[in-house]
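Step one of this worksheet: look at the structure below.
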Amino acid sequence: MDTLSTLPATRRSVLVLGANGRFGAAAALAFRDAGWRVLAQVRRTPAAPAAGIEAVTVPITDTEALARAAAGASVVIHAVNPLYTRWDEEAMPLLEAGLAVAQRLGAHFMLPGNVYNFGEQMPPLLREDTPQRPSTRKGEQRVAMEAAIARACERGTITGTVIRAGDFFGAGSGSWLDLAIAKSLREGKLVYPGPLGLAHAWAYLPDLACAFVAVADSGGAGFRTLHFAGHTLTGTELLAALEQAATELGIAPARGFRHGGMPWGFIRAVGLVHPMWRELARMSYLWRVPHALDGRRLATLYSVRQTPLPQALRAALIELGLADANRAIVAA
């Protein structure tokens, strides 16, 4: 791999805020693989940083120092995601800090959005112009965050893009896939959080990260929102695909899988004293309300990669340490 000293002076630079998180790490790798110089803002230097990625340990709140450390970056990816129980206190201040850094750099500001904005009454197909009627505090926060980006763009100091996607999977742990659905996969059990017949939007993180690269490559003008279609699956379809992936990787039980559901009543009860469970219960409608993202606008404007679901699930299970990578080569 080329060293930084041998790279052309015209090489573009991206600053990834929160690069130690799952999306941030996936974005850093995608931009690196696309030939960008990647400045990865993290809280501490990783013990084994990824090759070709420069760690920046300046806190996001020290906006002037961070902007100096990222001088020349033309794109800022806001992958910062506070603890689920700390959104009220931290989500907006962290976004404002990220915007301040982008403004000092004169950069294009990019945010991974989600479907919280649309609320419990959302229609089955979500377009960029679908009315946003949040029904939870987190949804209201997401609407406010996007409005703050739009206002900054209106002032002309930056340009901005929100790419909205469904639930993440792939690129490591920390999603519904590994924390609940496939948590007991090796014991022969799969758990689905909602009715099996309803559609749910998913985003394979490496594909979503590549979509960010594609949009960043073209630059930006003003503020816009784009939807990343990803994979829309009913619970039945997802569990069947997981069973197939597990079988191909040699980790399916001889007697087949058992299926279970989430004990939402119990989770709500425990949530009275457990903040994380309370927050999860408040967002449980996402599993009761069918939804998909209309990604035609994004796919029309840019080349969007979509890894076939079987391949994506095999890779996700391997990254979770549930299977041998050599088996995936044979299965593919």
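- Among all heavy-atom pairs drawn from Leu286 and His291, the shortest one is O-CE1, 3.3 Å.
- Judged as a side-chain contact (heavy atoms from CB on, under 4.5 Å), and not counting sequence neighbours, the contacts of Lys189 are Ser184, Val191, Arg258.
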Could you give me the CA-CA distance, side-chain angles and deciding distance for Arg142 and Arg164, then say whether side chain to side chain contact (heavy atoms under 4.5 Å, CB included) is met? CA-CA 11 Å; Arg142 277 290 179 168; Arg164 197 179 315 286; over 6 Å; no
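- In terms of modelled atom types and a separation under 3.5 Å, the side chain of Glu237 and the main chain of Thr234 share a donor-acceptor contact.
- For residues 204-215, the side chain to side chain donor-acceptor pair (under 3.5 Å) pairs, not counting sequence neighbours, are Asp207-Arg305, Asp207-Thr307.
- Other residues, nucleotides and ligands contribute over 12 non-hydrogen atoms within 6.0 Å of the OH atom of Tyr84.
- To the nearest 0.5 angstrom, Ile181 atom CD1 is 8.5 Å from Leu190 atom CG.
- Here the straight-line distance linking atom CD1 of Ile149 with atom CG of Leu111 works out to 4.5 Å at 0.5 Å rounding.
- The CH2 atom of Trp87 sits 11.0 Å away from atom CE of Met92, with the distance rounded to the nearest 0.5 Å.
- Using the six-membered ring where Trp is involved, His200 and Trp287 have ring planes that are parallel, under 30° apart on the 30 and 60° scheme.
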Could you go through Asp178 and Leu322, starting from their C-alpha distance and side-chain angles, then the distance that decides it, and tell me whether this counts as side chain to side chain contact (heavy atoms under 4.5 Å, CB included)? CA-CA 10 Å; Asp178 60 279; Leu322 296 174; over 6 Å; no
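- Contacts of Pro124 classified as side-chain contact (heavy atoms from CB on, under 4.5 Å), with partners at least two apart in sequence or in another chain: none.
- Residues Trp202 and Leu238 form a side-chain contact, since some pair of their non-hydrogen atoms from C-beta on lies under 4.5 Å apart.
- Both Leu313 and Leu239 are assigned to one and the same hydrophobic cluster, defined by single-linkage of ILVMFWY side chains at heavy-atom distances under 4.5 Å.
- Between Arg297 and Thr300 the shortest side-chain heavy-atom distance does not fall below 4.5 Å.
- Heavy atoms only, all atoms of each residue included: Gly72 and Leu105 are closest at N-CD2, 4.4 Å.
- Taking the side chain as every heavy atom from C-beta outward, Leu233 and Leu309 approach each other to under 4.5 Å.
- Within 6.0 Å of the CZ atom in Arg133, the count of heavy atoms belonging to other residues, nucleotides or ligands does not exceed 12.
- Open room surrounds CD on Gln121; 12 or fewer heavy atoms of other groups in view lie less than 6.0 Å from it.
- The two atoms that bring Cys210 and Ala30 nearest to each other are N-CB, 4.2 Å, heavy atoms only.
- Between Gln132 and Glu146 the shortest side-chain heavy-atom distance falls below 4.5 Å.
- Side-chain contacts under 4.5 Å among hydrophobic residues (ILVMFWY), followed directly or transitively, place Val143 with no other residue at all.
- The line from OG of Ser135 to OH of Tyr116 is 11.5 Å long, rounded to the nearest 0.5 Å.
- Residue pairs meeting the ring pair (Phe, Tyr, Trp, His ring centres under 6.0 Å) criterion with at least one partner in residues 218-242, sequence neighbours excluded, do not occur; the list is empty.
- Following chains of ILVMFWY side-chain contacts shorter than 4.5 Å, one cannot reach Val304 starting from Val162, and the two form parts of different hydrophobic clusters.
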Would you mind writing out the side-chain donor-acceptor pairs for residues 56-70 within the sub-3.5 Å range, not counting sequence neighbours?
from	atom 1	to	atom 2	distance (Å)
Thr63	OG1	Arg104	NH1	3.4

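- Hydrophobic cluster membership is shared by Phe212 and Val14, with clusters built from Ile, Leu, Val, Met, Phe, Trp and Tyr side chains linked at under 4.5 angstrom.
- Between Lys138 and Glu279, at least one side-chain nitrogen of the basic residue sits less than 4.0 Å from a carboxylate oxygen of the acidic one, meeting the salt-bridge criterion.
- Listed by first then second residue, pairs satisfying side chain to side chain donor-acceptor pair (under 3.5 Å) with a partner in residues 263-277 read Arg268-Ser284, not counting sequence neighbours.
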In residues 150-160, what donor-acceptor pairs under 3.5 Å come from side-chain atoms, sequence neighbours left out?
from	atom 1	to	atom 2	distance (Å)
Thr159	OG1	His108	ND1	2.6

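- In this structure, Val213 is a member of the same hydrophobic cluster as Leu205, with clusters built from ILVMFWY side-chain heavy atoms closer than 4.5 Å.
- Taking a 4.5 Å side-chain heavy-atom cut-off between Ile, Leu, Val, Met, Phe, Trp and Tyr, the cluster of Leu83 contains only that residue.
- Contact detail for Glu319 and Ala171: the closest heavy-atom pair is OE1-N, 2.7 Å.
- For Val289, the side-chain contact (heavy atoms from CB on, under 4.5 Å) partners two or more places apart in sequence, or in a different chain, are Glu120, Met122, Tyr285.
- The aromatic rings of His78 and Phe109 sit tilted relative to each other, their planes meeting at an angle between 30° and 60°.
- The shortest side-chain heavy-atom distance between Leu226 and Tyr302 falls under the 4.5 Å cut-off.
- A heavy-atom distance below 4.5 Å is not found between the side chains of Val75 and Arg12.
- In this structure, CD1 on Ile77 lies 12.0 Å from CG on Leu39, to the nearest 0.5 angstrom.
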Please determine whether side chain to side chain contact (heavy atoms under 4.5 Å, CB included) holds for the pair Ile53 and Leu29, giving the CA-CA distance in whole Å, both sets of side-chain angles, and the decisive distance to 0.1 Å. CA-CA 8 Å; Ile53 295 176; Leu29 291 173; 3.9 Å; yes
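- Distance check, rounded to the nearest 0.5 Å: CE of Met145 to CG of Leu95 gives 4.5 Å.
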Go through it in stages, so that I can follow the logic: the residues are Val215 and Leu301, the test is side chain to side chain contact (heavy atoms under 4.5 Å, CB included), and I'd like the CA-CA distance, side-chain angles, deciding distance and then a yes or no. CA-CA 9 Å; Val215 174; Leu301 295 172; over 6 Å; no
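- Scanning for side-chain contact (heavy atoms from CB on, under 4.5 Å) contacts around Arg127 gives Leu125, Asp129, Thr130, Asp294, Arg296, with sequence neighbours left out.
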Show every donor-acceptor pair shorter than 3.5 Å between a side-chain atom in residues 15-23 and any protein atom, with sequence neighbours excluded, or say none if there are none.
from	atom 1	to	atom 2	distance (Å)
Arg22	NE	Ser173	O	2.8
Arg22	NH2	Gly170	O	2.6

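- Between Tyr192 and Thr236 there is no side-chain heavy-atom pair separated by less than 4.5 Å.
- Minimum heavy-atom separation, Met110 to Ala216: SD-CB, 3.9 Å.
- Hydrophobic cluster membership is shared by Leu242 and Leu196, with clusters built from Ile, Leu, Val, Met, Phe, Trp and Tyr side chains linked at under 4.5 angstrom.
- Annotation for Ala203 and Ala165: closest pair CB-CB, 3.8 Å, computed over non-hydrogen atoms.
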